[in-house]
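A quick write-up on the structure given underneath.
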Amino acid sequence: MQKEKNKDLVHISGDWIDEFPNPLVIAGPCSAESETQMMETARRIAESSVEVSIFRAGIWKPRTKPNGFEGVGVIGLNWLKKVKEEFGIKTATEVANANHVFAALEADVDVLWIGARSTVNPFTVQEIAQALRGTDKPILVKNPVNPDLALWIGALERLLGQGIENLGVIHRGFSSYQKTKYRNTPNWQIALDFRNMFPNIPIIVDPSHICGNRMGLSEIAQEALNVGYQGAMIETHCSPEEAWSDAAQQVTPEELADIISNLKVRNTEISGYEEDMEKYRTSISDIDFQLIQLLSERMEISEKIGGIKKTNNIAIFQPDRWKVITDYARAKALETGMSESFIEKVFKAIHEESIEVQNGIMIDK
Ligand code: PEP
Ligand code: MN
């Protein structure tokens with residue numbers, strides 16, 4: 001059995017990123033669709049006022065369901081080449097199997113990334129890693145779709161196991177069953193834990209796949225820079241509404257320029273305590289988002305119960321039920337080392353609101 005050479009991600013330098021400005025901006029369409037679409041998007045990006053270092057385009061698209069647009073395939077690699085020749089911009093694409101890797105290397109794509117749906121599969125990652133053996137191109141690994149830090153790290157270890165050291169990660173959020181304002185919940189804490197473990201590995205945010213729409217892109221990109229991310233990958237299309245994939249989240253090159261020029265790059269000289277504060281604040285925002293999300297789900301269920309009470313003409317306030325809820329909350333407070341009276345206050349407020357909501361339903365004809 002062959003022994004892995006340098007298994008320790010902590011020791012890689014991550015200095016490939018130093019050749020790029022901070023933040024490193026990667027932009028381009030979700031998918032390559034035609035030569036015209038690629039050239040027009042690239043031209044407008046190149047002519048814009050902001051520095052985009054890498055042009056991205058998906059050549060092979062991992063679609064959730066069959067029969068959708070699955071990418072133009074190898075022909076799109078020629079268009080990436082043309083973009084590089086004409087505009088002198090580096091290029092990037094997603095690879096999801098060994099054949100993709102061979103074709104992309106052959107076409108001299110500068111940066112390759114492993115997509116979120118591939119990162120989850122160790123067989124796929126291993127196959128890609130082996131096909132990449134010997135390359136010194138930067139390889140970026142998107143977080144897996146599920147919130148599993150070990151799986152994300154495992155993918156990087158597989159690459160490192162094949163001697164690939166120019167590594168970086170892309171934070172694109174995590175899928176959830178509940179529909180929230182995000183297409184993929186950021187779960188900043190996971191990415192921040194990653195950063196704390198491997199401070200040398202460059203981390204880039206992908207606000208497009210986190211938001212799933214154009215609106216929240218600036219905010220997510222800024223939050224990422226606030227906690228020291230080194231770049232952003234933003235899907236950009238010459239006419240976003242007509243895009244063959246991810247139309248809702250793509251922006252025009254001009255909108256991209258607007259987003260990028262308004263980003264505030266953090267001073268890297270800031271003191272340790274400020275950086276720690278920023279990280280903790282981001283974690284708190286993460287938790288607040290989840291709290292609000294859960295409260296709203298709880299209220300929806302409460303409304304359903306209100307409907308049943310109305311139909312069956314049952315009183316809204318059920319003292320026995322209230323006792324069960326408060327007993328449970330108090331017990332949990334003890335278990336988790338929180339003050340019982342605080343938890344009781346919180347649940348009282350939730351319960352009051354719930355009664356209010358159910359009252360609304362009762363009086364509603
Ligand atoms: C993409 O970048 O277009 C893509 C498919 O992203 P993800 O792997 O994050 O879903
Ligand atoms: Mn996409």
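Numbering of ligands and ligand atoms starts at 1, following listing order.
Contact atoms of ligand 1 toward K61: 1 (C), 3 (O), 5 (C) (distance under 4.0 Å to a heavy atom of the residue). Taking every heavy atom of C30 and a limit of under 4.0 angstrom, the matching atoms of ligand 1 come to 3 (O). Every atom of ligand 1 with a heavy atom of G115 under 4.0 Å away is listed here by number and element: 8 (O). Counting the atoms of ligand 1 from 1 in the order shown, those under 4.0 Å from a heavy atom of W113 are 2 (O).
Using a cut-off of 4.0 Å between Lys/Arg side-chain N and Asp/Glu carboxylate O, E40 and R44 are scored as salt-bridged. Using a 4.0 Å cut-off between charged side-chain N and carboxylate O, E85 and K81 make no salt bridge.
With respect to atom 5 (C) of ligand 1, the closest heavy atom belonging to the protein is E94 OE1, 3.6 Å. Considering only non-hydrogen protein atoms, atom 6 (O) of ligand 1 sits nearest to K142 NZ, 2.9 Å. Nearest non-hydrogen protein atom to atom 4 (C) of ligand 1 is H209 NE2, 3.5 Å. Atom 8 (O) of ligand 1 has A116 N, 2.8 Å as its closest protein atom, hydrogens excluded (heavy atom only).
Residue D246 approaches the Mn ion (ligand 2) most closely through its N/O/S atom OD2. For E235, the N, O or S atom with the smallest separation from the Mn ion (ligand 2) is OE2.
Among the atoms of D206, none of the N or O lies under 3.5 angstrom from an N or O of ligand 1.
Using bins of under 30°, 30° to 60° and over 60° for the plane-to-plane angle, the ring pair W16/F20 lands in the perpendicular bin. Ring geometry, H351 versus W322: the interplanar angle falls under 30°, so the pair is classed parallel (tilted spans 30 to 60°). In this structure, W60 and H100 have parallel ring planes: the angle between them is below the 30° cut-off, well short of the 60° mark.
Side chains of R214 and Q249: a donor-acceptor N/O pair is absent below 3.5 angstrom, by distance only. For the residue pair H209 and E235, a side-chain donor N or O sits within less than 3.5 Å of a side-chain acceptor on the partner.
Two different hydrophobic clusters hold I292 and Y182 under the rule that ILVMFWY side chains link at heavy-atom gaps under 4.5 Å.
The Mn ion (ligand 2) forms the vertex of an angle spanning SG of C30 and NE2 of H209; to the nearest 10 degrees it equals 180°.
Around atom NZ of K179, more than 12 heavy atoms belonging to other residues, nucleotides or ligands sit under 6.0 Å away.
Distances from atom 10 (O) of ligand 1 to the heavy atoms of R172, Q250, M233 put R172 nearest.
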